[in-house]
Amino acid sequence: MTRKIEMKSSNQKRTIGKKLGSLGTFGIGLGLFLGTACVPLTAWSENYTWDGQNGNWTDTAHWSPNGTPGDNDTATINAGTVTSESPSP
């Protein structure tokens, strides 16, 4: 059985909202939660390019865009010498 509901005034809209009450609110909240919970978390990556000068890997001014490449990023070095200091064991 299908019912057709026509909205003729704002009073009717409020009445339908009141009838839904907390169950309608719960359903909307549950739908939003499930919709966002199913979105996969992906690692964002960026492409960085060295400016061609000599310098330290951690010097953010030598990278474009400005910053230091991270674990998921791609670093391209076309020219220059890049040094990296590793921590002592």
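Applying the side-chain contact (heavy atoms from CB on, under 4.5 Å) rule to Asp73 yields the partners Ser45, Glu46, Tyr48, Pro69; only residues at least two apart in sequence or on another chain are considered.
The shortest heavy-atom contact between Asn66 and Thr60 is OD1-O, 2.6 Å. When all heavy atoms of Asn47 and Pro65 are compared, the closest pair comes out as O-CD, 3.4 Å.
Atom CH2 of residue Trp50 and atom OG1 of residue Thr81 lie 9.5 Å apart, to the nearest 0.5 angstrom. His62 contributes atom NE2, which lies 10.5 Å from atom OG1 of Thr68 (distance to the nearest 0.5 angstrom).
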What verdict does the side-chain contact (heavy atoms from CB on, under 4.5 Å) test give for Trp63 and Asp51, after you've listed the backbone C-alpha separation in whole Å, the side-chain angles of each residue and the deciding distance to 0.1 Å? CA-CA 6 Å; Trp63 292 103; Asp51 67 3; over 6 Å; no
